Amino acid sequence: MGWGKVLDNDPSEKSTTWGKDIRTEPGDVTSVAACRGKVTTYDEDEVVAVFAGSDDGFIAMYNSELCFEKDWKAHKDFGVNCVAVGKDSKDTTWLYSCSAFGEIKQWWPAALELIYQNCADTPSSESKGFTSAGGRIDSAVKQLFWRNEYLYSGDDAGQLCKWDAGLSLQWYKNTYSDIASLALGGEEDNEFVFTANLVQSQVIIGDLKPRKNADNSLVISNMVPGKSPMAVDSSAEILLCGDLMDNSIQLFKRKSSHGWELKLRLEGHEDTVSCVAISPDQTHAATGGWDGNIIVWNLAGGNQEAKIKCGEYVNCVCWGPDGEIYAGGRGGSVVKTMKID
């Protein structure tokens with residue numbers, strides 16, 4: 001049994017009924033998310049759905065076989081930076097997308113016609129500026145992360161926000177550093193947030209324990225050398241991030257409540273690594289790069305289990321609920337890889 005590419009979508013498929021904007025040539029896929037839930041009006045049971053956001057502002061929805069369901073123009077003037085999906089306390093599946101100018105949108109995939117649900121703007125930040133004409137420069141929301149019925153967002157001004165499922169702001173904290181990668185992990189009473197970007201040489205690890213902090217600054221627990229892309233397991237015991245000098249991925253393990261130790265380097269990509277994700281069972285990781293490959297890694301020993309060519313380049317990768325991998329790249333392409341006999 002080994003890993004292999006099993007399915008490709010057809011990027012030329014497009015909806016003619018969802019909204020006024022008709023897609024012509026699909027943009028590059030910038031973010032992909034998968035879930036199991038009630039996401040269609042015609043399925044009584046929960047099914048797997050895949051959502052692909054693109055740099056032309058569209059989101060496309062597919063089933064687990066990458067058959068096209070629908071697409072829509074999610075953000076009118078700018079591309080989709082990130083998508084995230086999750087279930088609220090009533091088991092309703094929600095999709096979220098973000099773009100420039102502090103914009104986050106909420107979508108109800110199971111709705112028959114009105115899929116748009118809500119919209120929120122991130123609050124002003126001390127690190128946001130003003131134009132020469134006096135207008136405010138709103139930051140681009142780059143990252144979304146769903147965890148335990150809450151949505152977290154990060155923007156290029158370094159502002160981290162926590163939202164409930166209906167996009168009501170719970171709190172915001174300033175990291176003062178561009179958030180190009182965002183992840184959370186740990187226990188409920190000992191939760192950590194991880195942020196990284198491509199410019200600075202440190203992954204910031206923030207402590208989210210409740211405390212009185214008048215200036216809303218994130219309390220820094222630690223920093224490790226590294227850059228975006230970055231991923232963390234749910235218990236915050238394993239941290240994967242880009243190496244500063246080459247195309248490898250560093251694997252750190254937590255050795256104490258605030259200490260981290262570099263254990264392995266995952267080497268295999270021939271060009272820049274663009275994305276990384278850890279499997280739901282925490283045993284494997286998937287990376288994608290500009291070399292067009294997805295590499296599947298066993299986290300126990302850091303060995304490479306598979307290297308799969310998926311296109312000219314890979315921009316984003318995510319794990320599905322059944323241990324499958326979805327990746328997005330050029331011209332609206334989405335591929336599915338999984339273990340096969």
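Small disclaimer: the values here were computed from a predicted structure and weren't measured.
Between the OG atom of Ser217 and the CG atom of Asn174 there is a distance of 6.0 Å, given to the nearest 0.5 Å. Considering SG of Cys318 and OH of Tyr326, their distance stands at 7.5 Å, rounded to 0.5 Å.
Taking 4.5 Å as the limit, every side-chain heavy atom of Trp107 sits out of range of all side-chain heavy atoms of Trp94. Val83 has its side chain within reach of Leu95: a pair of non-hydrogen atoms, C-beta onward, lies under 4.5 Å apart. Considering only heavy atoms from C-beta on, Trp297 stays 4.5 Å or farther from Ile249 through its side chain.
Side-chain heavy atoms closer than 4.5 Å link hydrophobic residues (I, L, V, M, F, W, Y) into clusters, and following such links, even through other members, never connects Phe68 to Ile59. No path of Ile, Leu, Val, Met, Phe, Trp and Tyr side chains, each step under 4.5 Å between heavy atoms, connects Phe192 with Leu184, placing them in separate hydrophobic clusters. Residues Ile104 and Trp146 fall within the same hydrophobic cluster, defined by Ile, Leu, Val, Met, Phe, Trp and Tyr side chains chained together at heavy-atom separations under 4.5 Å. Using a 4.5 Å cut-off between side-chain heavy atoms of Ile, Leu, Val, Met, Phe, Trp and Tyr, with links allowed through other members, Ile179 and Ile220 fall into the same hydrophobic cluster.
Taking the charged nitrogens against the carboxylate oxygens, Lys209 and Asp207 do have a contact shorter than 4.0 Å, which makes a salt bridge. Under 4.0 Å is where a charged nitrogen must lie from a carboxylate oxygen, and between Arg36 and Asp322 at least one such pair does. A salt bridge does not link Glu261 with Lys255: every distance from a Lys NZ or Arg NE/NH1/NH2 to an Asp or Glu carboxylate oxygen is 4.0 Å or more. Remark: Lys87 engages Glu46 in a salt bridge, criterion side-chain N to carboxylate O under 4.0 Å. Using a cutoff of 4.0 Å between basic side-chain nitrogens and carboxylate oxygens, Glu103 and Lys76 are not scored as salt-bridged. Ion pairing between Asp243 and Arg265 holds under the 4.0 Å rule for side-chain N and carboxylate O. Remark: Lys339 does not engage Glu324 in a salt bridge, criterion side-chain N to carboxylate O under 4.0 Å.
Smallest separation of non-hydrogen atoms from Val85 and Ala34: CG1-O, 3.8 Å.
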Would you sort out whether Asp178 and Lys142 count as a salt bridge (Lys or Arg N to Asp or Glu O under 4.0 Å), showing the intermediate values? CA-CA 9 Å; Asp178 174 24; Lys142 286 187 169 182; 2.9 Å; yes
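Partners of Phe58 under the ring-ring contact (aromatic ring centres under 6.0 Å, His included) rule, at least two apart in sequence or in another chain, do not exist in this structure.
Taking the six-membered ring for Trp and the full ring otherwise, Tyr150 and Trp171 have centroids separated by 6.0 Å or more.
Counting heavy atoms of neighbouring residues, nucleotides and ligands inside a 6.0 Å radius, atom NZ of Lys38 does not exceed 12 of them.
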